[in-house]
Structures are given as C-alpha cells and as structure tokens.
Amino acid sequence: MMNKPQIRYKRRPGTVGGKLPWNDRRNASSWRKVVQIILLAINVYIGITFYYWVRYYETGGETLYLPRPGGIEGWLPIAGLMNLKYALETGSFPAIHAASMFLLVSFIIISLFLKKAFCSWMCPIGTISEFTGKIGQKIFRYQNQINLPKGLDIPLKGIKYLLLSFFLYIALSMPAQMIQYFMMSPYGIIIDVKMLDFFRYISGITLVSVGIIVVISLFVRNAWCRYLCPYGALLGLFSLFSPVKIRRNVESCIDCGKCAKNCPSRIPVDKLIKVRTLECTGCMTCVESCPVSSTLSFSLQVPTKKRQIALSGIVMLILTLAILFITIGFAVYAGVWDSPVPDHYWFDIIPNARMIGH
C-alpha cells in the first residue's frame, strides 16, 4: 500500500495571522466565546438578582427588591431530574421548581442534537474552567497543559459517572407522590435559598476543595469537566444519540495529528473516521485546528442524499441559544416558569432558611 504524500502547510488557507477570520465556516472559537460570555453574564446577573431577592425577605422588606430570576433553577439539577420524573410519570407539570425541569430538558435537547455542546458552549462552570487553564498558561508560560497518563486519566474520568449514579438514585428512586410532597415541603420550596447559603456560608473544607480544583485546573485542561462533573456525564449519555458528529475525511487527511493534540477531551480524532465517544463536547477545536479545510467537520450525515451538512460556529450559536430560549419561552407561556408561592410565605420562611433541614 502506498503512503499518502506528506504535504507541508505553514498556515491554513484564508487565515489572518495564523488564525481563522470570524466569518470563516470553520471558525468556532470566536462564536463559542460569544455564547460563553453571554451565558456567563446572564448567570452573574441571575446570581446578583437572586441575592438581592433573598436579602429583601431576610430584612423584612427593608432592602432593595428585585424579582426572583427563574433562571436560578438551572443550578438545581437534582430538582430538575426529580421534576422531570414527576412530569413523565403523572403527565402534568410540577407546581414547584418547574423551571429547573425545563432548563434541564433544554440542555438534554441540545445534547441529543449537538453532542455535549452545553458543556463547551454554555456552561458557566465550563467557561470558568477553560479560562482558568488559559490563565495558567500565561502565568506559568507553558504551551500545553499537562496530560495525565491513560492509566490515571481513564479511572479519574469514572468519578463523574459514580457521582451521576448516586444523584440519579436519589432523584429517580422516589415515586411521583413523594417527589411532590418533597417539593411542597418547606425544605423543597427553599432549596434555591439553601444553595445560596451554601456559597455564602461556605465551610473551610469546601473552600479548600474548591481551591484545589482551581489549582489543578491551572495545569490540567478542564479538570472539573473531565473528571468530576456529573451533569456533563448525564448529558454525555444523551449525546451518544446525536446525529451530528465530528467526521474525518481519510482521503484528504495529512496525518499531522493537530486535531488530537488540540482536543480538550484528548480524543484521538486523527485515528477515527467518526467520533462517537460521549466525551466529545462539540467544541469544534479539532475542526479549527485542521490545516486542510475539507478534512474535519462537525456535521450531520444525510443518508438519502449521501452527503454531509457541516455546522459552522454561527449556526451553533443560533441553535444552542434558540433551543434554550424557546424552551424557556414555552415554560413562561404555560405559566409554570415561576413557582406560585405567596409573598407572605417568603417573609416567613426565608429568614429561617438556615434552620430548615437541620
């Protein structure tokens, strides 16, 4: 068998300064940063607004009042799982924390169609983890972050699936009636406030643990996402059914290995024709790294026409945000985005939130 001719590329065709221009079909990083910044800004706004909302009731109405942001429930994935089971089992929407379910559903839909794009395009924790790694590169002036040996990397990746199994057991082992009883209980109603208190009154052990993860993330690329995030593990399972995948054209591939070298998940893209692994986050870094524009694509195979429809960065931006906001819009239209808790009840329960559940 004859070897393919080795072709040297100093720069991708059409690049400016070694980088793809913003309007290039393969340019995903620019558009991904736009989505990341939008979602990070939204989450910062949600956190600040929610804090002032809680403080208003804690002080008996003497501080600034801001409406409760329903998006805070995106930080309640277990509640989302429990309410999703309740909805599937009863055929009706849950009365309390329905927003957590709708947000989870939007992330699942994104994973079913676009791999784990939520993790690389939208998740604020994933964005912070990625930026932390880049800060580490600038501070310590190294070109590539540390790659753990496979003997350590593979077992560590199993941790997030063990955590997922634990949370799935908690969320799904309860029957619908018990889920409703829990959500309607004082503890269930204020689990979002309890979450805020977890960060406001963070324990020393938790603070040290967070510090360790941050330090590791300076050297190990996306350490939290790769090894510890159960949310990403859940979405990875759904992403296996996604029709959109990274595909490699063997004929035009020059075997430079840049795609595998730059992949945040260390997937051997250069050895595969189609990337099926649940570790793929759809970040399109490999596509952008390839020096031959026709070789790698994040695409949908059309069986009837025997061709592929490649997704660009701008298309990913539109699709991810559209799925998220259409789902939220449906929840608002259905009247279940906000939990129907009377105002006087908040004045009574929020000041005592730290005592509930102890």
Side-chain angles (χ1 to χ4, degrees), residues 39-87 92-104 123-125 128 166-167 170-171 173-211 213 230-231 328 331-332 334-358:
L39 268 294
L40 186 59
I42 289 174
N43 276 274
V44 170
Y45 169 79
I46 287 172
I48 293 172
T49 304
F50 184 68
Y51 170 79
Y52 277 103
W53 179 80
V54 171
R55 286 297 297 157
Y56 175 79
Y57 291 102
E58 286 181 334
T59 60
E62 295 183 0
T63 56
L64 174 67
Y65 175 80
L66 294 175
R68 178 183 181 277
I72 194 67
E73 298 194 13
W75 294 85
L76 304 175
I78 298 178
L81 278 170
M82 294 170 68
N83 276 335
L84 180 58
K85 181 187 178 181
Y86 174 87
S92 58
F93 295 136
I96 304 296
H97 299 310
S100 65
M101 179 190 73
F102 279 99
L103 288 169
L104 174 62
C123 178
I125 301 299
I128 293 171
F166 173 73
F167 291 125
I170 293 175
S173 62
M174 299 172 64
Q177 186 176 5
M178 188 175 293
I179 290 174
Q180 184 180 34
Y181 175 79
F182 172 78
M183 290 297 174
M184 298 292 288
S185 69
Y187 187 91
I189 290 174
I190 61 163
I191 52 176
D192 48 1
V193 181
K194 301 288 285 185
M195 177 196 62
L196 176 64
D197 286 345
F198 173 81
F199 292 102
R200 283 199 294 177
Y201 310 108
I202 191 168
S203 67
I205 295 176
T206 303
L207 191 60
V208 169
S209 300
V210 171
I213 293 172
Y231 212 159
I328 292 174
V332 173
V336 293
W337 180 250
D338 297 309
S339 299
V341 179
D343 201 55
H344 67 84
Y345 190 74
W346 291 129
F347 279 113
D348 180 57
I349 195 172
I350 288 180
N352 302 304
R354 296 188 68 189
M355 302 300 296
I356 297 173
H358 290 283

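- Distance check, rounded to the nearest 0.5 Å: CE of M195 to CZ of F199 gives 6.5 Å.
- Here L64 contributes atom CG and T59 contributes atom OG1; the two are 10.0 Å apart, rounded to the nearest 0.5 Å.
- Sorted by first and then second residue, the side-chain hydrogen bond (donor to acceptor under 3.5 Å, both in side chains) pairs involving residues 335-353 (not counting sequence neighbours) are Y57-D343.
- Interatomic distance, L104 CG to I78 CD1, rounded to the nearest 0.5 Å: 11.5 Å.
- Side chain to side chain, T206 and S203 meet the donor-acceptor criterion of an N or O pair below 3.5 Å.
- The two residues S100 and N83 have their closest heavy-atom pair at OG-ND2, 3.7 Å.
- Residues P77 and Y231 share a closest heavy-atom pair of CB-CE1, 3.8 Å.
- Screening residues 45-56 for side-chain hydrogen bond (donor to acceptor under 3.5 Å, both in side chains) gives R55-E58 as the qualifying pairs, with residues at least two apart or on separate chains.
- Note that the CD1 atom of I191 and the CG atom of D197 stand 13.0 Å from one another [nearest 0.5 Å].
- A side-chain hydrogen bond (donor to acceptor under 3.5 Å, both in side chains) check over residues 64-76, counting only residues at least two apart or in different chains, returns the pairs N43-W75, R68-E73, R68-D192, E73-H97.
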* Take S92 and Y86 through the side-chain contact (heavy atoms from CB on, under 4.5 Å) test and state the conclusion after the steps. => CA-CA 8 Å; S92 58; Y86 174 87; 4.0 Å; yes

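- At least one side-chain heavy atom of M101 sits less than 4.5 Å from a side-chain heavy atom of P94.
- Contact between L81 and A171 at its shortest, heavy atoms only, is CB-CB, 3.7 Å.
- Within the structure, no pair that satisfies the salt bridge (Lys or Arg N to Asp or Glu O under 4.0 Å) test touches residues 349-358, not counting sequence neighbours.
- The CD1 atom of I350 lies 10.0 Å from the CG atom of L196; values are rounded to the nearest 0.5 Å.
- Taking the centre of each ring, F93 and F102 come in below the 6.0 Å mark.
- Partners of F166 according to the side-chain contact (heavy atoms from CB on, under 4.5 Å) rule, which considers only residues two or more places apart in sequence or in another chain, are I170.
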* Step by step, work out the side-chain contact (heavy atoms from CB on, under 4.5 Å) result for I349 and V341. => CA-CA 11 Å; I349 195 172; V341 179; over 6 Å; no

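- The closest side-chain heavy-atom distance from M184 to I189 is not below 4.5 Å.
- Counting all heavy atoms, side chain and backbone alike, G70 lies closest to A99 at O-CB, 3.8 Å.
- Under the 3.5 Å distance criterion, the side-chain polar atoms of K194 are left unmatched by any main-chain donor or acceptor of Y187.
- Rounding to the nearest 0.5 Å gives a distance of 9.5 Å between CE of M183 and CD1 of I96.
- M174 is linked by a side-chain contact (heavy atoms from CB on, under 4.5 Å) to M82, M178, I179, F182, counting only residues two or more places apart in sequence or in another chain.
- G71 and L103 make their closest contact through O-CD1, 4.0 Å (heavy atoms, listed as atom of the first residue, atom of the second, distance).
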